[in-house]
Amino acid sequence: MDLTAGHVWVLVSAAMVLLMTPGLAFFYGGMTRAKAALNMMMMSFIAVGLVGIVWVLWGYSMTGGDGVAQLFGNPFASFGLEGLIGTEDMIGAGYGVTFAIITVALISGAIADRAKFGAWSLFVPIWVTLVYCPLAFMVWGGGLLSADGAVGGAVGEAIDFAGGTVVHISAGVAALVLAIILGKRQGFGKDPAQRPHNVPLVMLGAALLWFGWFGFNGGAAGTAEEAGLIWINTMAAPAAAMVGWLVLERFRDGRPTSLGAASGIVAGLVAITPACANVSPIGAIGLGLVAGVLCALAVGLKYKLGFDDSLDVVAVHLVAGTAGTIALGFIAMPVDGEGGGLFYGGGGGQLLAQVVSVLVAVTLSAVMTAIIGLGIHKTIGFRVTADDEVSGVDLSEHAETAYEFGGLGVGGQFHPTTNVAATENASEKVNS
């Protein structure tokens with residue numbers, strides 16, 4: 001079969017989505033303390049390695065094909081992707097793995113500064129296998145929530161074009177559960193040092209995420225018309241969310257912040273993900289504004305409710321993902337004059353389907369993450385020691401630091417004049 005423009009677009013989109021995980025590493029890495037930046041970035045990078053292997057061996061097989069009780073596909077149906085060799089389905093498999101990678105990487109931000117790297121490396125493949133793959137099958141692979149599934153057939157098929165439930169709600173719930181299991185950082189809410197150490201790095205990460213998101217949302221576009229709508233909505237919603245977040249900051253705190261701008265962009269991207277192909281550009285702007293304000297307000301919930309979500313994964317991904325998914329019950333456009341949300345006269349059927357899909361995703365992710373997280377925490381331990389947390393997980397987990405300050409300035413080990421003099425004196429002693 002010849003390589004078509006459609007094939008090329010999916011391949012390019014897959015590369016763009018893969019870039020999102022290093023972008024997330026920058027985004028999260030800049031938000032941590034300097035002594036935990038490398039560990040935070042490594043948690044994203046190891047997700048690429050581990051999920052890439054799981055996906056080839058059994059992950060892809062679990063997201064499609066003949067299902068087991070409509071919950072997940074047969075893990076051995078395309079084990080090692082052997083059956084896909086020589087077919088164009090290999091392109092779709094390549095696109096799909098990038099979604100699985102970014103989903104589990106998102107969770108890591110909730111446990112920044114205090115998680116064992118080995119425990120996280122064990123959590124990643126288990127969670128992808130038991131949570132992401134089954135949920136992807138239920139929503140996109142013909143499972144429980146599809147039109148022919150038990151739940152989808154009863155309440156209607158939910159709309160999730162690019163991963164509101166599969167990616168963001170599942171990751172947001174998992175982040176909340178792990179944050180509770182690991183507990184609060186030392187000094188949570190009191191230590192002023194627990195602030196982003198490199199905001200330009202955060203903004204660079206947000207820029208890479210926004211760029212990659214055009215492939216994330218647009219890679220599955222079926223027509224030129226749909227691709228154009230997705231592109232505009234993926235531009236408009238985060239733009240509006242950024243403005244909404246900054247306006248709220250201006251009135252609440254007195255000044256708009258760079259961190260708020262970056263966070264608002266991500267909130268808008270999350271909200272438009274399930275809805276990108278099914279709402280109008282005006283609807284995308286409205287959804288972005290609402291998501292930006294809601295997420296900015298939700299950031300403070302961790303202090304009121306007492307859970308330490310280090311980098312606000314819950315406030316951004318769970319809240320915006322839920323908002324975008326449920327909003328489709330109101331603003332989804334009709335298809336060929338039929339259906340649509342309440343604002344288009346479509347009735348309450350779509351809203352019910354959206355709410356049910358959210359409940360299923362929340363329940364599955366919460367229960368399975370609790371089992372996996374507690375299992376690891378009670379055996380090998382998920383959290384570093386108090387001393388390691390104080391000294392920094394970069395040193396304790398990787399024997400590295402993100403920044404080397406010892407060699408800078410007069411106080412360092414090298415000085416251009418004193419070291420030259422010392423070297424000359426040593427040479428003279430040797431020669432004499």
Side-chain angles (χ1 to χ4, degrees), residues 3-4 6-24 44 47-68 71-107 124-146 159-171 209 212-222 226-227 230 273-274 276-277 321 361 364-365:
L3 188 66
T4 68
H7 296 146
V8 173
W9 170 237
V10 177
L11 288 169
V12 171
S13 295
M16 294 169 67
V17 180
L18 184 60
L19 181 63
M20 289 172 66
T21 300
L24 181 73
S44 286
V48 180
L50 295 173
V51 178
I53 295 171
V54 168
W55 191 259
V56 170
L57 294 180
W58 64 80
Y60 172 78
S61 297
M62 292 182 65
T63 62
D66 296 330
V68 178
L71 298 177
F72 56 88
N74 180 358
F76 304 103
S78 298
F79 189 85
L81 302 183
E82 290 291 330
L84 274 63
I85 297 174
T87 73
E88 65 178 16
D89 292 339
M90 195 71 84
I91 296 176
Y95 184 53
V97 67
T98 61
F99 281 69
I101 290 168
I102 188 72
T103 302
V104 70
L106 290 172
I107 303 169
V124 167
I126 298 175
W127 191 88
V128 166
T129 300
L130 299 183
V131 180
Y132 178 85
C133 291
L135 192 55
F137 177 79
M138 291 180 202
V139 176
W140 296 326
L144 200 65
L145 296 172
S146 65
I159 300 171
D160 187 359
F161 189 84
T165 53
V166 179
V167 177
H168 299 292
I169 291 177
S170 68
L209 285 168
W213 226 290
F214 287 99
F216 192 87
N217 286 348
E226 186 175 62
I230 291 171
T273 292
C276 58
L364 174 65
S365 184

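Predicted model only: the values in this text are computed from it and were never measured. These values consider heavy atoms only, across backbone and side chains, with no hydrogens, waters or symmetry-generated copies.
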- Short side-chain to backbone donor-acceptor contact, Ser78 and Leu81, under 3.5 Å: no

- State, to 0.1 Å, how close Ala361 and Ile169 come at their nearest heavy-atom pair, and which atoms those are. CB-CG2, 4.0 Å

- Message: For Thr63 and Trp55: C-alpha separation, side-chain torsions, deciding distance, then whether side-chain hydrogen bond (donor to acceptor under 3.5 Å, both in side chains) applies.
- Response: CA-CA 10 Å; Thr63 62; Trp55 191 259; over 6 Å; no

- Query: How about Leu11 and Tyr95: do any of their side-chain heavy atoms sit closer than 4.5 Å?
  - Reply: no

Can you list, pair by pair, the side-chain donor-acceptor contacts under 3.5 Å of residues 126-133, counting residues two or more places apart and other chains?
unit_1: Trp127; atom_1: NE1; unit_2: Thr369; atom_2: OG1; d: 2.9
unit_1: Thr129; atom_1: OG1; unit_2: Trp58; atom_2: NE1; d: 3.0
unit_1: Thr129; atom_1: OG1; unit_2: Pro125; atom_2: O; d: 2.7

- Message: For Ala221, is there any backbone N or O sitting under 3.5 Å from a side-chain donor or acceptor partner on Trp9?
- Response: no

- Gap between atom OG of Ser170 and atom CG of Leu364 - 0.5 Å precision: 8.5 Å

- Task: Kindly indicate whether the side chain of Phe216, heavy atoms from C-beta on, has any atom under 4.5 Å from the side chain of Met20.
- Result: yes

- Item | Main-chain N/O of Pro75 paired to Tyr60 side chain as donor or acceptor, under 3.5 Å | no

- Let me see the working for Ile107 and Val124 under side-chain contact (heavy atoms from CB on, under 4.5 Å), right down to the final yes or no. CA-CA 10 Å; Ile107 303 169; Val124 167; over 6 Å; no

- Output yes when a side-chain donor or acceptor of Trp140 lies under 3.5 Å from a complementary backbone atom of Gly64, and no otherwise. no

- Heavy atoms only: give me the nearest Ala100-Val51 pair and the separation to one decimal. CB-CG1, 3.7 Å

- Modelled atom types, side-chain donor and acceptor of Thr273 and Trp213, under 3.5 Å: yes

- Sub-3.5 Å donor-acceptor pair from the side chain of Asp89 to the main-chain atoms of Leu84, do we have one? no

